[in-house]
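FYI, side chains are in, hydrogens and waters are out, and symmetry mates aren't considered; it's all heavy atoms of this structure. A, B, ... follow the sequence lines: proteins, then strands. Residue 1 opens every chain. Computed from a prediction, not measured in an experiment: that's the story for all the values here.
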2 protein chains.
Amino acid sequence: MKFYEIFKQKLNEAGYKLTTQRRVVFEVIGANEGKHFSPEEIYDIVKIDHPEIGLATVYRTLKLFEKIGIIYRLNFNDGCSRFEMSHLDDESHRHHHLVCIECGKILEVKIDSLQALESFVEKEYSFDIQNHTLKFYGLCSDCKKRRNKCKMETTES
Amino acid sequence: MKFYEIFKQKLNEAGYKLTTQRRVVFEVIGANEGKHFSPEEIYDIVKIDHPEIGLATVYRTLKLFEKIGIIYRLNFNDGCSRFEMSHLDDESHRHHHLVCIECGKILEVKIDSLQALESFVEKEYSFDIQNHTLKFYGLCSDCKKRRNKCKMETTES
DNA sequence: TCTTATTTGATTTTTATTATCAACAAGAGT
DNA sequence: ACTCTTGTTGATAATAAAAATCAAATAAGA
Ligand SMILES: [Zn+2]
Ligand SMILES: [Zn+2]
Ligand SMILES: [Zn+2]
Ligand SMILES: [Zn+2]
């Protein structure tokens with residue numbers, strides 16, 4: 001897997017050692033594309049094969065990975081940070097998130113067409129944009145259906 | 001001021017009483033348009049004229065205001081929530097934020113042209129969008145200048 | 001292998017936020 | 001204006017995510 005080589009290189013470039021703990025955390029995040037795990041959730045998975053690894057190490061490792069650009073820290077206002085792999089080989093495919101305000105489900109939007117807006121902002125505010133986050137809040141298709149069903153049940157009589 | 005009337009109405013509609021504490025917190029946020037205060041910062045300002053008001057009340061009030069749509073909760077990954085008034089009379093003027101990754105300064109972007117993108121997402125993902133947040137991370141003009149100056153000083157010899 | 005600076009696990013500490021609960025006060029009705 | 005009722009508050013304790021501490025362990029270069 002190419003990701004792993006890039007990971008090792010990034011660690012090395014930044015002057016950090018490749019430890020078992022760091023490899024394991026990397027693998028857990030890498031094997032769960034599309035998920036948005038909290039430190040505790042990552043810890044629970046790590047523990048299965050490596051019960052000797054401590055929670056503090058997971059927190060430390062996530063912070064380090066974020067610093068050297070291996071993962072992104074996400075915030076969905078649920079009381080903890082959540083993480084996902086950054087696309088190590090192709091930064092241009094950054095995706096965004098749909099957050100359902102009813103069931104909390106998080107969907108990923110695989111487009112990123114903010115070029116025009118970014119250009120405008122860079123000129124207008126003299127601000128050098130290096131990254132962005134975009135979240136849409138609303139109702140997922142399931143919750144939309146459920147709401148309609150409830151509405152029908154109340155009106156039918 | 002019209003905002004205050006809308007505030008009272010929203011409280012009433014949701015079945016909450018208008019207390020001195022709620023009025024004072026509302027006034028502090030309303031008098032600081034463009035700022036993004038943390039609960040502690042709001043508490044410090046509230047204390048000046050109303051030392052009897054407690055921190056727990058400030059937290060409770062902010063949570064309540066968020067629930068009934070009077071304020072927005074913002075997250076800049078600095079360890080606490082930050083708040084700003086929602087535009088009570090005109091929701092269409094939602095703004096976004098430029099976060100400087102060097103000095104931490106936060107600028108506001110007074111445009112919101114995501115209509116095309118929103119329409120696409122709504123259709124493609126069958127997701128009913130009700131709100132969104134957009135943040136740009138990068139270098140503000142000051143930090144850009146400072147970096148260039150440093151670069152010049154190192155190269156001149 | 002040896003050396004050394006880095007990293008780790010266990011634990012404690014910090015700090016933002018929430019829960020608790022008796023005292024209090026807003027607002028409706030009289 | 002006077003109750004009465006129920007929502008609200010202040011002080012404090014409790015909770016929980018994240019960071020700090022530090023002796024012991026270990027990766028990686030010589
Ligand atoms: Zn949903
Ligand atoms: Zn994602
Ligand atoms: Zn700056
Ligand atoms: Zn703002």
Side-chain angles (χ1 to χ4, degrees), chain A residues 4-5 7-28 36-68 70-83, chain B residues 4 7-28 36-44 46-68 70-83:
Chain A
Y4 186 61
E5 299 306 316
F7 158 66
K8 283 204 295 186
Q9 189 190 326
K10 281 213 174 191
L11 265 187
N12 206 31
E13 276 171 7
Y16 295 104
K17 292 178 177 172
L18 176 57
T19 65
T20 304
Q21 291 83 347
R22 286 170 183 167
R23 182 180 50 74
V24 168
V25 170
F26 177 81
E27 283 167 359
V28 167
H36 307 92
F37 285 148
S38 67
E40 295 275 354
E41 286 167 350
I42 292 167
Y43 174 59
D44 286 340
I45 298 173
V46 162
K47 264 196 306 192
I48 297 170
D49 288 330
H50 295 271
E52 74 279 6
I53 295 178
L55 177 59
T57 300
V58 173
Y59 271 103
R60 267 190 303 240
T61 304
L62 292 171
K63 195 174 237 260
L64 173 65
F65 285 5
E66 186 194 11
K67 194 173 76 174
I68 64 180
I70 288 168
I71 59 174
Y72 280 113
R73 180 187 299 265
L74 306 169
N75 189 296
F76 297 115
N77 290 328
D78 65 345
C80 61
S81 290
R82 294 184 171 274
F83 297 87
Chain B
Y4 186 62
F7 158 65
K8 283 204 294 186
Q9 190 190 326
K10 282 213 174 191
L11 265 187
N12 207 31
E13 276 171 7
Y16 295 104
K17 291 177 178 172
L18 175 57
T19 65
T20 305
Q21 291 84 346
R22 287 171 182 166
R23 181 179 52 72
V24 168
V25 170
F26 176 82
E27 283 167 358
V28 167
H36 307 92
F37 284 149
S38 67
E40 294 276 354
E41 287 167 350
I42 292 168
Y43 174 58
D44 285 341
V46 163
K47 264 195 308 192
I48 297 170
D49 287 331
H50 295 270
E52 75 280 5
I53 295 179
L55 178 58
T57 298
V58 173
Y59 271 101
R60 267 190 302 240
T61 304
L62 292 171
K63 196 173 237 261
L64 172 66
F65 285 5
E66 185 194 12
K67 194 173 78 173
I68 64 179
I70 287 168
I71 59 174
Y72 280 113
R73 180 187 300 266
L74 306 168
N75 189 297
F76 298 114
N77 290 328
D78 64 345
C80 61
S81 290
R82 294 184 171 276
F83 297 86

Indicate whether OP1 or OP2 belonging to C:dT17 is found under 4.0 Å from a side-chain N or O atom of B:K63. no
Decide if atom NZ of B:K47 counts as having more than 12 heavy atoms of other residues, nucleotides or ligands within a radius under 6.0 Å. yes
Centroid-centroid under 6.0 Å between A:Y59 and A:Y43 rings: no
Over all heavy atoms of both residues, which pair between A:H36 and A:E41 is shortest? Give the atoms and the distance, please. O-OE1, 4.0 Å
On DNA chain D, compare the nucleotides closest to B:Y16 and B:P51; which residue's is nearer the 5' end? B:Y16
Which part of the nucleic acid does A:S38 contact within heavy-atom distance under 4.0 Å: base, sugar-phosphate only, or nothing? nothing
Taking atom types as modelled, is there a side-chain donor on B:R22 or B:T61 under 3.5 Å from an acceptor on the other? no
Both B:A56 and B:N12 contact DNA chain C. Taking the nearest nucleotide for each, which residue is further toward the 5' end? B:A56
So, is A:Q21 near the phosphate of C:dG9, with a side-chain N or O under 4.0 Å from OP1 or OP2? yes
Residue pair A:T57 / A:R60, side-chain donor-acceptor N/O under 3.5 Å: yes
Rounded to whole Å, the CD1-C1' distance (B:I53 to D:dA11) equals 15 Å
Which protein N or O atoms sit under 3.5 Å from an N or O of nucleotides 21-26 of chain C?
unit_1, atom_1, unit_2, atom_2, d
C:dA26, N3, B:K17, NZ, 3.0

Whole Å only: how far is the CG atom of B:L64 from the P atom of C:dT18? 13 Å
Do A:Q9 and A:E5 pair up side chain to side chain, a donor and an acceptor below 3.5 Å, judged on atom types alone? no
B:R22 CZ - D:dG10 P separation (whole Å): 11 Å
Across the strands shown, which category fits A:G79 at heavy-atom distances under 4.0 angstrom: base, sugar-phosphate, nothing? sugar-phosphate
Under 4.0 Å between any heavy atoms, over every strand shown, what does A:L55 touch: base, sugar-phosphate, or nothing? Just pick one. nothing
Could you tell me how far apart B:D78 (CG) and C:dA16 (C1') are, to the nearest whole angstrom? 11 Å
In this structure, how many angstroms lie between the C1' atom of C:dT17 and the CG atom of A:N77, rounded? 13 Å
In whole Å, I'd like the distance from the CZ atom of B:R23 to the P atom of C:dG27. 12 Å
Picking from A:V28, A:I45, A:V24, what satisfies side chain to side chain contact (heavy atoms under 4.5 Å, CB included) with A:H50? A:V24
Here the distance between atom C1' of D:dT9 and atom NE2 of B:H50, to the nearest Å, is 15 Å
Nearest whole angstrom, please: distance from the P of C:dT11 to the OH of A:Y59. 17 Å
